[in-house]
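Beneath this line is the structure, given in structure tokens, with notes to follow.
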Amino acid sequence: MGDPLVHPHLEELVQICGEEGVRIFLVTNGVLLREKQLEILLHSAFRQVNFSLHSFPDNFPERDVEPYLEKIFHYTELALAQRPDLYINYRLWNLADPRGKNPKNTEILNAIESRFGISVPQNLDVRLQKSFKLQGRLYLHWDTEFTWPAMHLPVLGNKGRCLGLKSHFGILVDGTVVPCCLDKEGDIRLGNIHESTVVEILNSQRAKAMVKGFQNRKLVEPLCQRCQYIERFG
């Protein structure tokens with residue numbers, strides 16, 4: 001649940017990705033964005049940078065949103081000029097409709113419209129359209145909120161599929177390999193990179209059972225059976 005901008009070796013990690021030809025998709029709330037990080041986030045290794053704007057009013061309901069947005073807008077304008085190939089998403093995932101019912105959400109949208117000289121249509125159905133182009137490769141992206149899975153939550157079902165272990169997997173700070181970023185507590189511990197290779201871990205019996213289950217629309221892991229996000233693949 002940490003933000004990548006606080007990682008003490010962020011610059012080094014980005015350089016390694018650049019040398020190895022690994023493209024980076026970074027997600028941040030942007031609260032900790034500082035001037036010294038702008039150059040790092042403009043590195044050619046980055047393919048996409050996502051700003052979770054909805055997190056600011058959720059976490060700081062009494063704070064002025066303008067200074068927060070100004071930092072993100074400044075970075076965006078640098079990227080549009082220096083990295084026109086870079087995708088940038090402004091995420092507003094707690095909107096039930098384009099304008100939402102939270103005054104802070106409306107304030108954020110108004111600021112975006114004013115800064116980039118656009119108008120977000122009032123009648124967009126976010127169930128059918130998840131993104132709206134603002135300029136170049138800059139997009140608004142919205143979706144409904146979801147509850148992060150946890151073992152103490154009730155079982156939602158045992159049928160479904162997921163892209164975990166198909167297009168991605170996660171590595172937690174202690175080296176634990178998990179099927180996706182939603183397993184933040186390491187409940188589905190597939191192995192540890194300090195003990196085994198990634199290839200060995202992804203070919204383990206537990207990992208293979210999960211993949212086979214997803215292929216057959218069966219959720220074999222208890223945490224997956226409690227995951228609301230899986231409903232998006234229904």
Side-chain angles (χ1 to χ4, degrees), residues 1-18 22-83 85-95 100 102-116 131 134-143 145-148 150 168 170-176 178 180-186 229:
M1 297 293 281
D3 192 284
L5 297 184
V6 305
H7 199 294
H9 302 296
L10 176 62
E11 185 173 9
E12 182 183 354
L13 291 170
V14 171
Q15 290 175 346
I16 292 172
C17 288
V22 175
R23 304 306 301 274
I24 302 172
F25 289 68
L26 182 135
V27 180
T28 175
N29 56 29
V31 171
L32 300 174
L33 184 63
R34 299 291 184 267
E35 191 71 27
K36 65 179 181 180
Q37 295 167 322
L38 299 183
E39 185 175 350
I40 298 175
L41 296 185
L42 292 171
H43 193 285
S44 60
F46 284 95
R47 170 69 170 169
Q48 182 170 300
V49 176
N50 302 314
F51 290 102
S52 299
L53 302 185
H54 54 263
S55 70
F56 188 85
D58 284 347
N59 292 305
F60 309 104
E62 304 302 322
R63 285 175 55 178
D64 182 7
V65 74
E66 185 175 345
Y68 162 70
L69 291 176
E70 179 57 37
K71 295 188 299 182
I72 294 174
F73 290 163
H74 175 55
Y75 166 76
T76 300
E77 289 164 350
L78 289 175
L80 288 171
Q82 300 179 30
R83 287 288 317 278
D85 60 319
L86 177 66
Y87 287 94
I88 299 177
N89 283 328
Y90 289 167
R91 287 182 170 180
L92 292 168
W93 279 20
N94 55 352
L95 294 178
N102 187 324
K104 284 289 185 182
N105 293 335
T106 301
E107 186 178 354
I108 290 174
L109 275 172
N110 289 341
I112 292 172
E113 289 180 321
S114 175
R115 187 63 166 247
F116 297 101
S131 64
L134 298 173
Q135 179 181 334
R137 292 188 173 181
L138 171 64
Y139 291 83
L140 266 177
H141 187 269
W142 43 71
D143 215 325
E145 284 185 303
F146 65 93
T147 301
W148 281 59
H168 63 275
I171 302 177
L172 302 183
V173 68
D174 66 350
T176 296
V178 292
C180 73
C181 65
L182 297 186
D183 186 9
K184 60 186 178 63
E185 302 298 336
Y229 196 85

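Hydrogens, waters and symmetry mates are skipped; everything else that's a heavy atom, side chains included, is used.
- For Phe25 and Tyr87, the gap between ring centers reaches or exceeds 6.0 Å.
- Residues Val27 and Ser52 share a closest heavy-atom pair of CG1-OG, 3.8 Å.
- Atom SG of Cys17 is separated from atom CD of Glu12 by 11.0 Å, given to the nearest 0.5 angstrom.
- The CG atom of Leu138 sits 10.0 Å away from atom CD of Glu77, with the distance rounded to the nearest 0.5 Å.
- Surrounding CD of Gln15 are more than 12 heavy atoms belonging to other residues, nucleotides or ligands, all under 6.0 Å away.
- Partners of Phe46 according to the ring pair (Phe, Tyr, Trp, His ring centres under 6.0 Å) rule, which considers only residues two or more places apart in sequence or in another chain, do not exist here.
- Nearest heavy atoms, Gly30 versus Asp3: N-OD2, 4.3 Å.
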Test Tyr90 against Ile108 for side-chain contact (heavy atoms from CB on, under 4.5 Å), laying out the working first. CA-CA 10 Å; Tyr90 289 167; Ile108 290 174; over 6 Å; no
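- Atom CG of Asn50 and atom CG of Leu26 lie 8.0 Å apart (nearest 0.5 Å).
- Partner of Leu38 under the side-chain contact (heavy atoms from CB on, under 4.5 Å) criterion, out of Lys71, His74, Gln82: His74 alone.
- In this structure, Gly18 and His43 approach most closely via the heavy-atom pair CA-CE1, 4.1 Å.
- Aromatic ring orientation, Tyr68 versus Phe56: parallel (interplanar angle below 30°, classes split at 30° and 60°).
- Within the 3.5 Å criterion, the main-chain N or O of Arg91 finds no donor-acceptor partner in the side chain of Asn89.
- Atom CG of residue Leu140 and atom CG of residue Leu134 lie 4.5 Å apart, to the nearest 0.5 angstrom.
- Close placement of the Tyr75 and Phe51 rings is indicated, their centers lying within 6.0 Å of each other.
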Requested in this report: Please test Leu80 against Ile88 for side-chain contact (heavy atoms from CB on, under 4.5 Å), starting from the C-alpha separation and ending with a verdict.
Outcome: CA-CA 9 Å; Leu80 288 171; Ile88 299 177; 5.6 Å; no
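- Between Lys36 atom NZ and Leu10 atom CG the span is 10.5 Å, to the nearest 0.5 Å.
- When all heavy atoms are compared, the tightest approach of Arg137 to Asp85 is NH1-O, 2.9 Å.
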Stepwise side-chain contact (heavy atoms from CB on, under 4.5 Å) check, Asn59 with Val31: CA-CA 10 Å; Asn59 292 305; Val31 171; over 6 Å; no
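- Across all non-hydrogen atoms, the minimal contact from Val14 to Ala45 is O-CB, 4.1 Å.
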Discussion item. Using the rule given for side-chain contact (heavy atoms from CB on, under 4.5 Å), can you reason through Leu41 versus Thr28, listing the C-alpha separation, both sets of side-chain angles and the distance that settles it, and then say yes or no?
Written reply: CA-CA 11 Å; Leu41 296 185; Thr28 175; 5.6 Å; no
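- When all heavy atoms of Ile72 and Asn29 are compared, the closest pair comes out as CD1-O, 4.1 Å.
- Atoms CG and CD, on Leu32 and Gln37 in that order, are 7.5 Å from each other to the nearest 0.5 Å.
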